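A quick write-up on the structure given underneath.
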There are 2 protein chains.
Amino acid sequence: MSLRSNMDDRKKRILQAVTDDYINTAEPVGSRTIARRYDLGISPATIRNEMADLEESGYLEQPHVSAGRIPSQKGYRFYVDFIMQTSNVSQKEKLRIRRRLEERKRELDLIAEETARILAQLSSYAAFVMSPVSKAAVLKRLELVQIDPHLVLVILIVDPGFVKTHLVVTERQLRPEQLIHINSYLNSRLRDIPLSKIGTSLLREISAELDEYSNFLDATLEAIVQVLERGHEEAVFTDGQLNILEQPEFREVESAKRVLDLLGEDNTVSSLLLDTMNSGNIRIVIGRESSHPNMDICSVVSAPYEVDGVPIGAVGVLGPTRMHYAEVVAIVELVAGHLGEILSKMVIM
Amino acid sequence: MSLRSNMDDRKKRILQAVTDDYINTAEPVGSRTIARRYDLGISPATIRNEMADLEESGYLEQPHVSAGRIPSQKGYRFYVDFIMQTSNVSQKEKLRIRRRLEERKRELDLIAEETARILAQLSSYAAFVMSPVSKAAVLKRLELVQIDPHLVLVILIVDPGFVKTHLVVTERQLRPEQLIHINSYLNSRLRDIPLSKIGTSLLREISAELDEYSNFLDATLEAIVQVLERGHEEAVFTDGQLNILEQPEFREVESAKRVLDLLGEDNTVSSLLLDTMNSGNIRIVIGRESSHPNMDICSVVSAPYEVDGVPIGAVGVLGPTRMHYAEVVAIVELVAGHLGEILSKMVIM
DNA sequence: GTTAGCACTCAGATGCATTGAGTGCTAAAC
DNA sequence: GTTTAGCACTCAATGCATCTGAGTGCTAAC
């Protein structure tokens, strides 16, 4: 008998090799594979013997006798506790993640997103909603409200559009009369300016003019840019991709892939919705009627939504050509109608 | 030759029967099926003849010679244009939809939701995030800001917590001094009250005390309830279910179903995350180590996130037992860390 | 014009042989 | 004692042939 412990170094390396390989390939790992892929300096036969030991002590198992080995639950546990070392994420990656977490979505997008979710649930197919396009929107007014000695709430009133708010932390404490001064100055410079014209250059100009407050202003103005910048590009929100997979025609992985890829391509869906918006009517596209090759097994029902009689966006449902058209048409029309109404109510008179 | 048009009434009814049946069953429809299920008063043989005609004129097609018929694209088009009548949605249903569209999510939930999305993307598995639990939160201050003669912005400052804003449309126009009066009165009644105590009954009381403004108050107070009411129940947000399906172990529809159902059950996931939160440490649960039967083919990596050193929630990733543990552990830790930091910054000092 | 009867077709299920990846065991080599 | 080559053995996966049954089209009777 050897004095080796139950789990010597070589066994560890083999367990690691099996686990790593299986994690990557999802195929049972044989002794030859390990001998080839991992430079352990031992022959397949030796590895076989070790693997047999590892199986006996419960770290590996065999799906069937002539397959390779896979880690057992105990094997994974050992791997996690004693073998693996957590990979470290690059600094750049960390920053990117941080930034994404800090990003806030604009109100309009939230509504579009929620609408997509509702539509998907109601229809049991995939749904998408294009958020409103508002080309001619102007900044109607801007209001600064002191929440706290170091905290100011920026309120932006956009017409035709919405009220947006944003919190800004101030380094230096501002007195109320200072805030009022800044507030009225900003209004005099920004009132009735189209959002598309409010870029970094204009704001930098303003910051220079009011340079005594530049410290506070920079943060505020940056917030304004952030809120407004994305205000005039349309975005499409999708939901219910999972519903698609419930449909028997998409049982086969390939056909499901084709459809999901389709939904992934932004411009396909968004150009379809733009068409619908411009047409001003509910539209049903069946299979190859669409120009898109991958759409031959799908149908789409889409409808525009309007504010003050003007179409400003569109919603749609995608399902198999074998779709519950009657039901879906009713739902799409209903949701488009409601969405238009809700948006009209949010518009400042 | 008959004088009948290309598409007489009986053909229409048969096309309708085939389409309806196929929409519901996803199986090619045979003549016997139609004779049995739809009361057309004709025998299968007659239906066969009609179906042969419909196929010749392109409305139906056969996947293969000994299968039933299915509608062609042209068939669906005819069905949509001339046969189907859009079903109407019940009044009750309409209201329900309307209400869901009008609901707004609270800021905290949005952050949790976005975090889940990021985590799912980074890990390529399914991700979930429990939104922060804040049992002892109190209403620190309440601010009313006139945006417009008929529009008031309600600002709620919660400690420890967040700033929430809500727009209220006022029927009657309020003078600035009236608003200030209401504002200070509301503050005197609500300041430092735990959110859990601010219920409809307290607010109704206040409304009665200030009954000259009750019209405006009712809307405002309702908004407050809406914003705060759900403030102290934890919610779990999930994302990346689709990623799960990409894993080869979940190719089989049944096993995928099991996992997706698991993710659907709120309390399974949330109790797991609560455990993690209370443990205060990153946790790896492998296969049957969990008590849940359907989890035997999955692993979960979860970590708490903290504000001021106190765990207030948790995030997690679910994948097959064959999971990239090293990578996922790093990602989960990173995201939990960032989330805690971001939330601390949102807290009012 | 409608229907019953019947021969015919073909996808899908079932059963059986073949193949090959991978094992465990034995005995030789180190 | 440990490692390795050789070999018989196992069994999932694959390919192939057969069987079954749903559904058709055609013909002839009603």
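All figures in this text were calculated on a predicted structure; none of them were measured in a lab. Numbers restart at 1 for each chain; the letters A, B, ... are given by sequence-line order, proteins then strands.
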Please identify each residue that fulfils salt bridge (charged side-chain N to carboxylate O under 4.0 Å, His left out) with [X], with sequence neighbours left out.
X       : result
E27(A)  : none
R32(A)  : none
R117(B) : E113(A), D239(B)

- Message: Quick check: on DNA chain C, is the nucleotide nearest A67(A) upstream (toward 5') of the one nearest N49(A), or the reverse? Name the residue that is more 5'.
- Response: A67(A)
- Looking at five pairs on each end of the helix from dG1(C)-dC30(D) to dC30(C)-dG1(D), what is the angle between the two axes, given to 10 degrees? 20°
- Looking at residues 12-24 of chain B, who's got a heavy atom less than 4.0 Å off DNA chain C? none
- Task: Could you list by number each residue of residues 28-38 of chain B showing a heavy-atom separation from DNA chain D of less than 4.0 Å, or answer none if no residue does?
- Result: G30(B), S31(B)
- Message: I need the full list of ring pair (Phe, Tyr, Trp, His ring centres under 6.0 Å) pairs touching residues 26-64 of chain A, with sequence neighbours left out, sorted by first then second residue.
- Response: Y59(A)-F78(A)
- Message: With a sphere of 6.0 Å drawn around CG of D81(B), does it hold more than 12 non-hydrogen atoms of other residues, nucleotides or ligands?
- Response: yes
What N/O pairs connect the protein and nucleotides 28-30 of chain D at under 3.5 Å? Give each pair on its own line.
none

Tabulated below should be each protein N or O lying under 3.5 Å from an N or O of nucleotides 16-19 of chain C; please produce it.
none

Check: protein-nucleotides 7-18 of chain D nitrogen or oxygen pairs below 3.5 Å:
| from | atom 1 | to | atom 2 | distance (Å) |
| --- | --- | --- | --- | --- |
| dC11(D) | O2 | S66(A) | OG | 3.3 |

- Task: Report the residues that fulfil side chain to side chain contact (heavy atoms under 4.5 Å, CB included) with E61(B), sequence neighbours left out, ordered by chain and then residue number.
- Result: I70(B), S72(B)
- Message: Under the rule for ring pair (Phe, Tyr, Trp, His ring centres under 6.0 Å), what residues qualify as partners of F128(A), not counting sequence neighbours?
- Response: none
